[in-house]
Amino acid sequence: MYTFSKKLKTFSIILMVLGALGVGYGFMTSHKSFEEVEHMLAEEEHHGGGHGEAAVHHEETTHDTHAADSHGEEAHSGDAHAEHVEHVMHQVHNRPWSALYVAAFFFMMIALGVLAFYAIQIASQAGWSPVLFRVMEGITAYLLPGGLIVLAIAFFADSHLFIWLKEGMTVEGHENYDKLVAGKAGWLNKPMFFVRGLIFLGGWVLYRHFSRKFSIAQDTADDNRNFKKSFRIAAGFLVFFIYTESMMSWDWIMSVDPHWFSTLFGWYVFASMFVSGITVIALISLYLKSRGHLEFVNENHLHDVAKFMFAFSIFWTYLWFSQFMLIWYSNIPEEVTYFITRFNDYKLPFLGMVALNFVFPILMLMNADYKRVPWFVVMTGLVILFGHYIDIFNMIMPATVGDRWFIGIPEISSILLFAGLFIFVVFTALTKAPLLVKRYPFRKESEEFHY
């Protein structure tokens, strides 16, 4: 049985404490008044801009004020200036919520990606992977707390994350009325959003509970009935997962931009969560092996996990290209607006993640020999995880904070908070059962696997 080391447990707690303090600091410093934001914009203009859009807009309104005639244009310019300052103030207030949500979703999706990968291994009756099943089961233990945290943040953040939750968006005649949002009110409404979220999460966690139960029961069973049950529920879960993962992507991520949609979005998010989950399987397996555990895991298993990391990095790139380039080339205003913001205000993270998620993995993992070198896989895996965090960052931040983005204390603290919680939950779960399945039909094949 694996024992959660005191050093690692202390490390995870320290991460959570530091993260919580930083998140608290981020919320405290984000509550700027109208006057403070106005002063901040004036300082940015004085120092040459800072964030381009804000400075240019402020400069335009200042120029308009000076150029106004006596027929009320000065008042109009003043109203526009006040509206812009208020808009930036909301973006500043949204930042800590957005940073928290991005990190929470990122770690939750790792657990969900691993659960899907685990179900695929069982449903396909894979012979190479059973020695890694307990690692996968440990990672999926984070799904319940992680999913509930994502829903809780969405509930308390309200319109800080989802503009369609703003008061009056669906009320014709209201100053906040939005025709497109009103047209989607049958789907995008607060009660059904959280009902659907609980259904998604409930189904995923239910599968995780029974698959884990049958896996442990199989260790001491006299026959393969538990294995057969695992097979049947894995096949059923994968059908449920395909539908719910897509709808979850629409609700939890795509709806932050309610004027835009992509028919590829569910697959795009799936590719990101899948490769991130597989990467974490590799990293945790290598960590445990370095501590004298998982002696039955050899370089051939590492090679196969790294092959999945390589393959799904390419698959993610294919979907990224399909979604971005076709929309950009068609140049339909309703569709291309999503990418204009990301290309103009997020060019470094938007294009940088292609290097992190495609160029780097393909160069590092193309050679079969490199897939068998632990430190090489660890280095590549850390880059992949950072790249896919940036991917989620790019999905959420442009709609909530606009050009007010920065990876600073709120973002780093949120990562530390959920990384600490993830480590604590996963490694605690690993102590609950032996690290090797005992009576699984393909155990022998998996132990003797070579390539």
Side-chain angles (χ1 to χ4, degrees), residues 26-27 30-32 34 37 51 53-54 57 80 82-105 150-197 247-262 265-266 268-269 327 332-346 350 391-406 410-411 414:
F27 275 100
S30 70
H31 288 290
K32 295 183 182 295
F34 183 93
V37 173
H51 289 278
E53 185 182 354
H57 192 102
E83 184 179 336
H84 176 63
V85 173
E86 188 173 344
H87 177 67
V88 173
M89 182 175 69
H90 287 312
Q91 290 180 328
V92 172
H93 293 174
N94 292 346
R95 184 182 166 194
W97 285 110
S98 302
L100 198 64
Y101 189 74
V102 169
F105 184 88
V150 170
L151 285 174
I153 294 171
F155 181 84
F156 289 109
D158 202 65
S159 60
H160 286 291
L161 287 173
F162 302 99
I163 189 67
W164 51 268
L165 287 172
K166 195 173 182 180
E167 184 182 359
M169 292 291 284
T170 59
V171 180
E172 194 167 356
H174 194 282
E175 61 178 353
N176 293 330
Y177 176 72
D178 188 305
K179 186 177 180 180
L180 284 173
V181 172
K184 298 180 179 182
W187 182 272
L188 292 180
N189 61 81
K190 194 167 187 176
M192 289 307 299
F193 177 90
F194 289 101
V195 168
R196 286 194 303 270
M247 289 188 282
M248 175 274 291
S249 301
W250 306 337
D251 279 0
W252 297 5
I253 299 183
M254 193 165 70
S255 73
V256 298
D257 283 286
H259 288 186
W260 179 85
F261 70 92
S262 167
F265 200 77
Y268 180 74
V269 175
I327 291 175
I332 300 172
E334 293 84 354
E335 295 182 358
V336 79
T337 181
Y338 180 86
F339 290 107
I340 287 176
T341 301
R342 285 155 179 80
F343 203 78
N344 289 346
D345 298 329
Y346 289 74
F350 183 71
D391 190 15
I392 304 301
F393 184 90
N394 286 331
M395 293 182 200
I396 300 295
M397 289 294 186
T400 57
V401 304
D403 65 345
R404 298 279 130 197
W405 71 274
F406 188 74
E411 292 76 16
S414 297

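Along the sequence shown, the residues carry numbers beginning at 1. All of these numbers come straight from a predicted model, not from anything done at the bench. Basis for what follows: all heavy atoms, side chains included, without hydrogens, waters or symmetry-related copies.
Phe105 has its side chain out of reach of Met395: every pair of non-hydrogen atoms, C-beta onward, lies at least 4.5 Å apart. Between Leu100 and Pro410 there is no side-chain heavy-atom pair separated by less than 4.5 Å.
The shortest heavy-atom contact between Leu161 and Ile153 is CD1-CG2, 4.2 Å. Nearest approach of Ser98 to Met397, heavy atoms of both residues: CB-SD, 3.5 Å. Taking both residues in full, the closest heavy atoms of Trp252 and Leu151 are given as CZ2-CD2, 3.6 Å, listed atom of the first, atom of the second, then distance. Between Ser30 and Pro96, the closest heavy-atom pair is OG-CG, 3.4 Å. Taking both residues in full, the closest heavy atoms of Lys190 and Trp164 are given as N-CZ3, 3.9 Å, listed atom of the first, atom of the second, then distance. The shortest non-hydrogen separation linking Asp251 to Trp187 is OD1-NE1, 2.7 Å.
Classified by interplanar angle (parallel below 30°, tilted 30° to 60°, perpendicular above 60°), the ring pair Phe162/Tyr101 is perpendicular. The aromatic rings of Phe265 and Tyr268 are tilted relative to each other, their planes meeting at an angle between 30° and 60°.
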May I have the list of side-chain donor-acceptor pairs in residues 332-339 shorter than 3.5 Å, sequence neighbours left out?
none

All N/O donor-acceptor pairs, side-chain side in residues 176-186, below 3.5 Å, sequence neighbours left out:
residue, atom, partner, partner atom, Å
Asn176, ND2, Glu167, O, 2.9
Asp178, OD1, Leu180, N, 3.0
Asp178, OD1, Val181, N, 3.1
Asp178, OD1, His259, NE2, 3.1
Asp178, OD2, His259, NE2, 2.7
Lys184, NZ, Pro258, O, 2.5

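A distance-only check finds no donor-acceptor pair linking the side chain of Tyr346 to the backbone of Asp403 [under 3.5 Å]. Here the side chain of Arg95 pairs a donor or acceptor atom with the backbone of Phe406 at under 3.5 angstrom. A donor-acceptor contact shorter than 3.5 Å links the side chain of Arg342 to the backbone of Asn394.
A search for ring-ring contact (aromatic ring centres under 6.0 Å, His included) contacts involving Phe155 returns Phe194, not counting sequence neighbours.
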Chi angles and distances behind the side chain to side chain donor-acceptor pair (under 3.5 Å) call for Trp97, Asp158: CA-CA 10 Å; Trp97 285 110; Asp158 202 65; over 6 Å; no

